[in-house]
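For clarity, every value in this text was computed on a predicted model and none was experimentally measured. Every heavy atom of this structure was used, including side-chain atoms; hydrogens, water molecules and symmetry mates were not. Protein chains get the first letters and strands the later ones, always in sequence-line order, with residue 1 at the start of each.
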Amino acid sequence: MQVRCRENMTSMLKRQVESWVAQAVQALCGSAHAAVLVERPKNPAHGDYATNAALVLAAKLRCPPRELAERLRLQIPPGDILERVEIAGPGFLNFHLQTAAFHAAVTDMLQHPEGCGQHQFGQGRKVLVEFVSANPTGPLHVGHGRGAAHGDILARLLEACGYQVEREYYINDSGRQADILGLSIILRRLEHTACPGPAFPRAAYHGDYVREYAATLPTALDGLLDTLGDWPTPPDPDAADHCLDMLIAHARQGLGATAFERLTRSGTEHILQDIRADLAEMGITMDHWVYESELRRTAQVSRGIERLEQAGQLYHKDGAVWFRSSALGDTKDRVVLRDNGTPTYFAADLAYHLHKYQRGYDHIINIWGADHHGYVRRLQAALQASGVDATRLEIQLMQFVSLCRNRQRVPMSTRQGNYITLRELCREVGPAPARFIYITRNSDQHLDFDLELAKSGSRDNAVYYIQYACARICSILHKAGAVPIPASPAELQAADSPAERALMVELVQYPEIIEAATRQREPQLLASYLQTLAGAFHAYYNLQSVLVDDPAVRRARLYLVQAIRQVLGNGLGLAGIDAPERM
RNA sequence: GCGCCCUUAGCUCAGCGGAAUAGAGUGUCGGCCUCCGAAGCCGAAGGUCAGAGGUUCGAAUCCUCUAGGGCGCGCCA
């Protein structure tokens with residue numbers, strides 16, 4: 001589409017400065033230099049953009065920085081958007097642009113709203129984002145919510161930058177955790193029959209959802225469960241794992257493997273339905289749901305192991321088959337086939353990732369909880385040994401979330417079953433504030449999610465603050481009647497006060513923020529930008545009226561305010577949040 | 001014990017491909033509604049950027065060590 005292919009004007013301002021600098025550096029130095037940066041100075045007195053070129057190149061060219069800055073400055077061609085270039089501090093070049101350049105950029109934004117915040121550098125490359133992927137053995141909790149929000153917003157950002165994105169959820173529905181769920185369901189069900197089973201093991205799933213689900217199963221099941229007869233009593237109740245294994249073996253044998261698995265499967269499916277619903281409530285739709293059981297059934301897991309075998313990276317020890325991952329950066333070797341012949345989770349995960357590679361993505365992103373960090377190396381090692389390009393896989397780790405209420409920690413413990421689910425959180429604070437708060441911290445930073453703060457309508461609740469700015473603008477626009485699109489930058493000329501200029505400088509930064517947030521995989525940058533822009537608007541709002549009598553000034557200000565609303569709305573949209581006209 | 005991550009204002013956090021006086025919010029104190037939504041704005045106070053070394057013309061930012069905190073170190077997933 002044509003619109004998507006045009007370079008937007010707003011990102012061109014910075015590009016223009018960058019190209020001046022690059023040319024100047026080229027002229028003096030004969031080559032480009034990676035450490036030369038063009039950035040927006042913190043202090044507005046330092047201009048609209050600044051470069052460190054003279055500082056970086058001083059040593060190389062054996063020239064004092066300020067003198068070099070002067071030489072560089074002479075290389076900058078005078079142009080209509082450039083007001084002046086100053087040398088300041090140790091040797092920075094500060095670029096002051098004409099206010100008219102910003103009028104042009106804002107006009108461009110209003111004339112092409114569909115291109116707002118869009119980039120093309122993704123070039124249509126296919127990216128897979130795998131996130132959430134919580135085990136289907138219980139409801140999503142608040143920690144999963146962070147990965148969910150982060151993953152989905154990152155996916156939206158990638159889409160805005162021209163990538164073709166697919167969202168995926170991996171379902172660990174096989175193995176021991178699933179067995180424990182099956183057992184838990186059976187034991188809860190038995191509690192309501194004439195012959196209850198053994199005491200509910202500590203390490204089984206205690207959550208109410210198991211009991212609730214067990215109660216919904218058809219009565220025909222009870223006849224089947226009767227055949228389980230006497231349950232074994234574990235010799236050592238403290239050996240939680242062993243105790244569970246015995247009970248699982250008993251149930252599987254008594255019911256038959258097929259019936260046991262069918263029951264387990266129905267349990268995981270039931271939970272998955274809830275997970276799907278919870279994600280949908282947060283505005284998240286997955287393109288693919290990949291089942292571990294399916295990878296096993298179709299022999300992809302064993303084929304994955306064979307690849308390691310062919311690479312000569314497997315060996316036998318203690319009856320198991322090991323992968324020599326320590327030779328590829330891991331801290332120790334890992335088992336892929338247990339002594340009982342079944343593949344480990346790790347083996348299945350290798351198969352899963354080979355499956356991703358087979359599907360032909362240019363890039364693969366995994367969003368994992370920080371507790372999986374020890375797992376990164378071994379997966380990379382396995383992929384490398386399998387002969388695929390491990391650098392195409394990018395694993396992003398999310399730090400933990402703790403809940404607070406008025407700054408007080410809400411204690412949570414999975415074992416005691418008193419944790420707050422993602423669903424409860426969304427019901428309490430609303431899915432939009434939840435999404436936003438989840439991305440207000442850097443992913444490598446621990447997040448304190450304050451429930452009361454998330455509900456409050458005040459300055460420190462970023463979502464309301466931003467939405468309030470949108471609503472205020474809409475109220476002004478409504479009062480003004482129809483506001484057309486400016487035909488030329490000249491129509492904004494009357495908006496030239498320092499406050500208005502500062503606002504435009506902020507506004508024009510939006511595409512740069514989108515690019516940075518996407519490249520750095522940090523939606524947090526978007527969140528904090530929107531807060532800053534909303535803040536700049538609120539300050540402006542209190543400083544001078546939009547709806548003044550002078551028609552030229554009034555019109556210019558209306559355009560400006562409309563552009564702010566456009567960017568806020570666009571940014572909120574990328575975060576999956578709507579920009580209300582009233583609130 | 002080993003490995004990864006974190007430590008910035010009373011509190012919650014930005015800034016961390018090095019560079020010009022370290023920024024927000026909140027809390028505290030003081031102002032602003034006859035005027036487009038005060039769910040807002042303006043101002044003041046508050047920091048030896050955990051500590052110690054090092055690299056550099058220049059370090060909150062890079063390296064090393066120390067101290068605190070989180071997480072991981074299963075033939076669990």
Side-chain angles (χ1 to χ4, degrees), chain A residues 34-35 37 39 41-43 45-46 50 52 54-56 58-59 64-65 88-92 94 133-135 137 172-180 203 241 244 292 317-322 330-332 334-349 369-377 397 399-400 402 404 407 440-442 444-448 450 453 456-462 464-465 467-469 471-480 520 524-525 527-528 531-532 534-535 537-548 554 557-558 561 582-583:
Chain A
L37 294 176
E39 47 196 8
K42 284 166 265 179
N43 185 339
H46 295 152
N52 60 352
L55 299 164
V56 171
F92 288 100
N94 293 337
S133 297
N135 288 354
T137 51
N172 301 126
D173 63 335
S174 311
R176 196 153 179 280
Q177 304 298 332
D179 289 344
I180 296 172
D241 280 352
L244 277 177
E292 180 188 351
K317 194 181 93 182
D318 304 333
V321 178
W322 297 69
D330 198 0
T331 49
K332 54 193 279 195
R334 309 290 173 176
V335 171
V336 288
L337 275 179
R338 300 184 181 98
D339 57 7
N340 66 10
T342 60
T344 58
Y345 167 83
F346 171 50
D349 212 22
D371 54 336
H372 283 67
H373 71 81
Y375 195 80
V376 174
R377 277 287 165 73
L397 299 174
Q399 287 299 324
F400 283 5
S402 30
C404 308
R407 300 273 155 88
T440 53
R441 297 283 174 273
N442 247 314
D444 62 2
Q445 207 74 21
H446 183 94
L447 170 69
D448 277 328
D450 195 310
L453 189 60
S456 85
S458 65
R459 174 77 175 86
D460 53 327
N461 181 349
Y464 280 94
Y465 187 68
Q467 288 185 325
Y468 181 46
R472 259 184 163 175
I473 294 171
C474 286
S475 162
I476 295 169
L477 296 176
H478 183 74
K479 200 156 285 184
Q520 295 177 38
Q524 183 266 327
L525 294 174
S528 71
Q531 290 183 66
T532 305
F537 164 73
H538 285 305
Y540 175 67
Y541 178 91
N542 278 276
L543 191 68
Q544 47 190 207
S545 291
V546 172
L547 300 177
V548 292
R554 176 188 171 105
R557 290 181 180 174
L558 277 169
V561 139
R582 264 187 291 274
M583 51 192 293

Which nucleotide wins on minimum distance to the side chain of A:Met583, given the candidates B:G37, B:A24, B:C6? B:G37

Just to confirm, is there a sub-4.0 Å distance from OP1 or OP2 of B:G15 to any side-chain nitrogen or oxygen of A:Gln524? yes

Would you indicate what A:Asn340 reaches in the nucleic acid, counting non-hydrogen atoms under 4.0 angstrom: base, sugar-phosphate, or nothing? nothing

Please confirm whether the shortest side-chain N or O distance from A:Arg557 to OP1 or OP2 of B:C36 is below 4.0 Å. no

Would you indicate what A:Gln544 reaches in the nucleic acid, counting non-hydrogen atoms under 4.0 angstrom: base, sugar-phosphate, or nothing? base

Separation between the P atoms of B:G70 and B:C13, rounded to whole Å: 15 Å

Between B:A20 and B:G15, how far apart are the C1' atoms? Round to whole Å, please. 16 Å

Which is true for A:Asp339 with a 4.0 Å heavy-atom rule: it touches a base, it touches only sugar-phosphate, or it touches nothing? base

For a quick check of understanding: with a heavy-atom distance under 4.0 Å over all strands, which category does A:Ser174 fall into, base, sugar-phosphate or nothing? sugar-phosphate

If you measure from CG on A:Asn542 to CZ on A:Phe537, what distance do you get to the nearest 0.5 Å? 9.0 Å

Base, sugar-phosphate alone, or nothing: which one does A:Thr331 contact when heavy atoms must sit under 4.0 Å apart? nothing

Rounding to an integer number of angstrom, what distance separates B:A44 and B:G23 when you compare their P atoms? 13 Å

Using the P atom on both, measure B:G40 against B:G27 and round to a whole Å. 10 Å

Any side-chain N or O of A:Lys317 less than 4.0 Å from the OP1 or OP2 oxygen of B:C75? no

Determine: side-chain N/O of A:Lys479 to OP1/OP2 of B:G37, distance under 4.0 Å, yes or no. yes

Hey, does A:Ser475 reach any base, or is it just sugar-phosphate, or nothing, if we go heavy atoms under 4.0 Å? base

Which base, if any, makes a Watson-Crick or G-U wobble pair with B:U55, both distances under 3.5 Å? none

Only pairs with both distances under 3.5 Å count, Watson-Crick or wobble alike; so what is the partner of B:G18 in this structure? none

Describe the nucleic acid contact of A:Ala471 in one word from base, sugar-phosphate, nothing, applying a heavy-atom distance below 4.0 Å. base

List the steps and the verdict of side chain to side chain contact (heavy atoms under 4.5 Å, CB included) for A:Gln177 and A:Asn172. CA-CA 8 Å; A:Gln177 304 298 332; A:Asn172 301 126; over 6 Å; no

With a 6.0 Å cut-off (strictly less than), is the heavy-atom count around CZ of A:Arg176, excluding the residue itself, greater than 12? yes

Run A:Arg472 and A:Tyr541 through side chain to side chain contact (heavy atoms under 4.5 Å, CB included) and show every step you take. CA-CA 9 Å; A:Arg472 259 184 163 175; A:Tyr541 178 91; 3.4 Å; yes

Report which part of the nucleic acid A:Phe346 touches: base, sugar-phosphate, or nothing (heavy-atom distance under 4.0 Å, all strands). nothing

Any side-chain N or O of A:Arg338 below 4.0 angstrom from OP1/OP2 of B:C76? yes

B:A38 -> Watson-Crick or G-U wobble partner, both distances under 3.5 Å, gives none

Rounding to an integer number of Å, can you tell me how far A:Gln531 CD sits from B:U12 C1'? 12 Å

Working note: A:Arg334 + A:Tyr375, criterion side chain to side chain contact (heavy atoms under 4.5 Å, CB included); need CA distance, chi angles, decisive distance, verdict. CA-CA 11 Å; A:Arg334 309 290 173 176; A:Tyr375 195 80; over 6 Å; no

Contact class for A:Asp179 vs. all strands (heavy atom < 4.0 Å): base, sugar-phosphate, or nothing? nothing

For B:G25 and A:Tyr464 - does any side-chain N or O of the residue sit under 4.0 Å from the phosphate oxygens OP1/OP2? no

For the C1' atoms, the ones on B:A19 and on B:G30, what distance do you get once it is rounded to whole angstrom? 37 Å

When rounded to whole Å, the CG to P distance for the pair A:Leu37 and B:G17 reads 10 Å

Just call it for A:Val321: base, sugar-phosphate, or nothing, with non-hydrogen atoms closer than 4.0 Å on any strand. nothing

For A:Ala539, which contact category applies under a 4.0 Å heavy-atom criterion: base, sugar-phosphate, or nothing? sugar-phosphate

Under 4.0 Å: is that the gap between some side-chain N or O of A:Arg377 and OP1 or OP2 of B:C4? no

Can you tell me which nucleotide in B:C5, B:G15, B:U12 comes closest to the side chain of A:Leu525? B:G15

Using a heavy-atom cut-off of 4.0 Å across all strands, would you classify A:Ala320 as base, sugar-phosphate, or nothing? base

Heavy-atom nearest pair, A:Arg338 first then A:Pro343, reads NH1-O, 3.1 Å

Rounded to whole angstroms, how far apart are CG on A:Leu55 and C1' on B:A59? 15 Å

Nucleotide paired to B:A9 in any strand shown, Watson-Crick or G-U, under 3.5 Å: none

Please report the distance separating the C1' of B:G43 from the corresponding atom of B:U61, rounded so that it comes out in whole Å. 31 Å

Same-atom distance (C1') from B:A60 to B:U7, integer angstrom: 12 Å

Does B:C73 have a Watson-Crick or wobble partner in any strand here, with both distances under 3.5 angstrom, and which is it? B:G1

Taking the minimum atom-to-atom distance to the side chain of A:His373, which one of B:A38, B:G3, B:C75 wins? B:G3

Respond yes when some side-chain nitrogen or oxygen of A:Lys42 is under 4.0 Å from OP1 or OP2 of B:G23, and no when none is. no

Using the glycosidic torsion, which applies to B:C33: syn (within 90° of 0) or anti (everything else)? syn

If you assign A:Gly374 and A:Ala50 each to the RNA chain B nucleotide with the nearest heavy atom, which residue ends up on the more 5' nucleotide? A:Ala50

What's A:Gln445 touching, base or sugar-phosphate or nothing? Going by heavy atoms closer than 4.0 Å. sugar-phosphate

Taking OP1 and OP2 of B:C73, is either one under 4.0 Å from a side-chain nitrogen or oxygen of A:Tyr375? no

A:Glu39 vs A:His446, nearer the 5' end of RNA chain B by closest nucleotide: A:His446

For a quick test of reading the model: is some side-chain N or O of A:Asn542 closer than 4.0 Å to OP1 or OP2 of B:C35? no

Measuring only the C1' atom in each nucleotide, how far is B:G51 from B:A59? A whole number of Å is fine. 16 Å

Pair partner, B:G47 [Watson-Crick or wobble, under 3.5 Å]: none

Just to be sure I understand the rule, does A:Arg582 reach a base, reach only the sugar-phosphate, or reach nothing, if contact means heavy atoms closer than 4.0 Å? base

